[in-house]
Amino acid sequence: MSTTPPPALRPYLTARHDLLWHEADAFAAEHVAPRAARMEAAPGRVERKVADSMAARGWFAVTVPAAFGGLGAGHVAKTILVHRIARVSAAAAAILQATLIPVGALLHFATYEQKGRWLPRVADGSLLLSIAVTEPLAGGHIGGIETTAERAGNQWVITGSKVHIGNSHLAGAHLVVARTAGTGVSTSQALTAFMVEAARPGLSVSDHCAGLGLHGFSAGRLGLDHVRVPDDNVVGEIGQGLAVAQSSSILYGRPNLAAVSLGIHEAVVDTTTARLKARPRYRGALSDLPVLRDRIGGMEARLRAARILAYQAVHLLDQGLSCDADLINSKYLGHQWAMQSTQDAMELHGAQALDGDYVLQRLWRDIQHTYPPAGTGEVQRIRLADATFDEDHIQWSERLAAEAAWARPDPTAA
């Protein structure tokens with residue numbers, strides 16, 4: 001497949017984006033593709049080499065301003081990196097996108113001093129981050145968080161458990177959302193976000209267990225047993241944890257997952273078309289049969305629509321325009337369409353799709369992982385209904401427009 005961006009994306013890309021697109025494709029071919037089979041063959045092992053290679057390029061700080069050592073390239077650039085790497089390995093793309101979410105939280109809510117403390121280390125590759133919100137009983141329901149943080153002098157003592165934490169085994173620090181007020185306080189004021197270094201006494205990470213897909217990516221369990229952190233590890237204000245979690249999910253988590261789904265979707269279409277063209281049937285190939293071309297046409301239609309949704313949404317975000325619903329929709333439909341195309345591909349491959357070492361089986365397992373994070377399909381549809389009824393009163397893309405638009409592309413750029 002050509003590494004040139006499709007013409008339909010031209011309104012959203014600058015010359016700098018073109019260069020990054022080619023750089024990401026070259027990186028994926030040289031550093032990710034050779035390890036993809038190893039990652040699949042050893043699902044119980046956390047992939048560290050690819051993470052180190054991405055860190056060396058400063059990609060974990062793609063949205064971090066240059067003042068803190070980052071690339072200052074914005075959300076379209078972030079989407080390019082995640083999308084192009086996901087074409088080759090969704091697990092490698094997941095490693096990248098999982099750290100970008102807490103980076104976004106720091107950009108939007110940390111003090112200048114805190115940014116100077118954490119972000120340069122992300123930029124130079126010496127520190128990866130995770131965001132720890134999901135819990136064993138509450139799941140992704142933020143209002144049900146049971147992890148507590150109690151003040152003890154100028155420190156906080158955090159106790160609880162977090163699950164499905166992306167980069168749990170790679171992160172040197174975790175952005176933990178905990179309850180800091182009693183049940184009588186409204187959910188919007190009951191939670192606070194804390195940076196918790198991985199080496200702090202009382203913090204434990206359970207052994208890595210491979211999931212259904214994304215082999216090589218860790219999404220494990222954190223235990224917090226009276227973990228002490230100082231006051232200056234509070235991110236945002238006390239009682240602002242819900243805002244930290246929600247805004248990060250909408251502005252970073254959902255477009256990131258749309259990019260992962262898009263990369264998988266493209267790989268599915270490429271794999272299937274190559275198979276049908278190469279497989280002889282009658283006096284031609286399987287690709288000559290109208291009934292199969294009809295299925296491929298449906299896959300291509302979904303892919304083209306998903307691509308536009310993903311890039312249009314983050315382009316609006318880079319422009320500082322209100323686009324929460326667009327970001328939500330890109331995640332929701334991006335997954336749904338990729339899932340449908342992947343199922344079609346499984347059927348078009350027949351029995352070959354069931355071979356354990358065939359790439360399509362990996363793609364089918366990986367796409368399952370873009371549904372639950374940052375809100376399931378049901379959650380996304382409810383949020384879209386809120387927008388329809390003009391009840392989505394908080395527009396994070398608008399409220400945080402100054403931070404979201406730090407790298408608006410120059411309209412005169414080629």
Side-chain angles (χ1 to χ4, degrees), residues 1-6 8-9 12-13 17 20-37 39-40 47 50-51 53-54 59 62 75-101 166 213-217 252-274 299-300 302-314 327 330-343 345 359-371 373-374:
M1 181 178 177
S2 171
T3 61
T4 303
L9 296 185
Y12 314 121
L13 306 182
H17 290 139
L20 190 61
W21 186 289
H22 292 293
E23 182 183 351
D25 279 352
F27 172 85
E30 181 179 354
H31 297 281
V32 181
R35 301 194 66 82
M39 294 162 67
E40 200 63 15
E47 175 57 40
V50 169
S53 297
M54 291 189 291
W59 286 352
V62 61
H75 290 273
V76 170
K78 169 172 62 68
T79 292
I80 289 171
L81 291 176
V82 177
H83 162 207
R84 303 312 291 172
I85 292 171
R87 289 179 60 251
V88 177
S89 169
I95 292 172
L96 176 60
Q97 75 88 22
T99 276
L100 291 170
I101 300 171
L214 299 185
H215 293 164
F217 172 66
Y252 278 79
R254 287 164 184 170
N256 288 1
L257 290 163
V260 175
S261 292
L262 179 59
I264 295 173
H265 203 162
E266 286 193 1
V268 165
V269 173
D270 290 347
T271 299
T272 307
T273 54
M299 293 167 65
E300 180 68 11
R302 291 188 290 269
L303 174 59
R304 287 173 178 262
R307 188 184 290 130
I308 292 295
L309 277 183
Y311 278 91
Q312 182 186 65
V314 289
L327 297 167
S330 70
K331 190 266 185 183
Y332 168 60
L333 286 178
H335 165 82
Q336 183 174 328
W337 285 336
M339 185 70 197
Q340 186 175 349
S341 291
T342 305
Q343 183 59 39
V359 64
L360 187 60
Q361 192 173 110
R362 166 167 64 89
L363 297 172
W364 185 90
R365 287 188 281 102
D366 287 350
I367 194 59
Q368 314 299 327
H369 288 257
T370 64
Y371 180 77

Practice prompt. Please tell me if the side chains of Lys78 and Asn256 come closer than 4.5 Å, counting only heavy atoms from C-beta onward.
Written response: yes
Fill in: Pair Glu47-Ile95, side chain to side chain contact (heavy atoms under 4.5 Å, CB included): steps then yes or no
CA-CA 9 Å; Glu47 175 57 40; Ile95 292 172; 4.3 Å; yes
Discussion item. Using only atom types and a distance under 3.5 Å, with no angle test, would you say the side chain of Arg87 pairs donor to acceptor with the backbone of Ile264?
Written reply: no
Practice prompt. With the side chain counted from C-beta on, respond yes when Trp337 and His265 share a heavy-atom pair under 4.5 Å apart, and no when they do not.
Written response: yes
Discussion item. Side chain to side chain contact (heavy atoms under 4.5 Å, CB included) for Met54 and Ile85? Distances and angles first, verdict last.
Written reply: CA-CA 10 Å; Met54 291 189 291; Ile85 292 171; 3.8 Å; yes
Worksheet item: Would you find a donor on one side and an acceptor on the other, under 3.5 Å apart, between the side chain of His369 and the backbone of Gly213?
Response: yes
Fill in: Spacing of CD belonging to Glu30 relative to OG belonging to Ser53, to within rounding of 0.5 Å
9.0 Å
Worksheet entry | For the student: nearest non-hydrogen atoms of Val88 and Ala36, plus distance | O-CB, 4.3 Å
Item to complete: Would you check if His215 and Arg365 make a side-chain contact, meaning some heavy-atom pair closer than 4.5 Å?
Response: yes
Practice prompt. Would you indicate whether the side-chain heavy atoms of Gln343 and Gln340 approach each other to under 4.5 Å?
Written response: no
Response to the item:
For Ser341 and Val268 the tightest heavy-atom approach is O-CG1, 3.8 Å
Discussion item. Taking side chain to side chain contact (heavy atoms under 4.5 Å, CB included) as the definition, give me every residue that meets it alongside Ser261, ordered by chain and number, with sequence neighbours left out.
Written reply: His335, Ala338, Ile367, Thr370
Worksheet item: Hey, are the side chains of Ile80 and Tyr12 touching, using non-hydrogen atoms and a 4.5 Å cut-off?
Response: no
Fill in: Minimal non-hydrogen separation, Pro34 against Ala29, with atom names
CD-O, 3.5 Å
Response to the item:
Minimal heavy-atom distance between Thr272 and Ala345, with the atoms involved, is OG1-CB, 3.2 Å
Worksheet entry | Backbone of Trp364 reached by a side-chain donor or acceptor of Gln368 within 3.5 Å | yes
Discussion item. Quick one, His22 and Phe27 - any side-chain contact, counting heavy atoms below 4.5 Å?
Written reply: no
Item to complete: Answer yes or no: is there an ion pair linking Glu266 with Arg84, defined by an N-O contact shorter than 4.0 Å?
Response: yes
Worksheet item: Thr273 side chain to Asp270 main-chain N or O, any donor-acceptor pair under 3.5 Å?
Response: yes
Practice prompt. Determine the minimum heavy-atom distance between Val260 and Ala86, stating which atoms define it.
Written response: O-CB, 3.7 Å
Discussion item. Keeping Ser330 on the side-chain end and Leu327 on the backbone end, is there a donor-acceptor pair under 3.5 Å?
Written reply: yes
Worksheet entry | Donor-acceptor pair, side chain of Lys331 and main chain of Pro373, under 3.5 angstrom | yes
Practice prompt. Measure the spacing between CG of Leu363 and OG1 of Thr271 and express it to the nearest 0.5 Å.
Written response: 5.5 Å
Item to complete: Please step through ring-ring contact (aromatic ring centres under 6.0 Å, His included) for the pair His75 and Tyr252, ending with a clear verdict.
Response: CA-CA 8 Å; His75 290 273; Tyr252 278 79; 4.8 Å; yes
Item to complete: Would you mind reporting whether Leu262 and Leu303 have side-chain heavy atoms less than 4.5 Å apart?
Response: yes
Worksheet item: How long is the gap from CD on Glu40 to CD on Gln361, to the nearest 0.5 Å?
Response: 8.5 Å
Worksheet item: Are the side chains of Met339 and Tyr371 in touch, meaning some heavy atoms are under 4.5 Å apart?
Response: no
Worksheet entry | Ring centers of His83, Tyr311 separated by less than 6.0 Å | yes
Item to complete: Looking only at non-hydrogen atoms, find the nearest pair between Gly166 and Phe217 and report the distance.
Response: CA-CZ, 3.5 Å
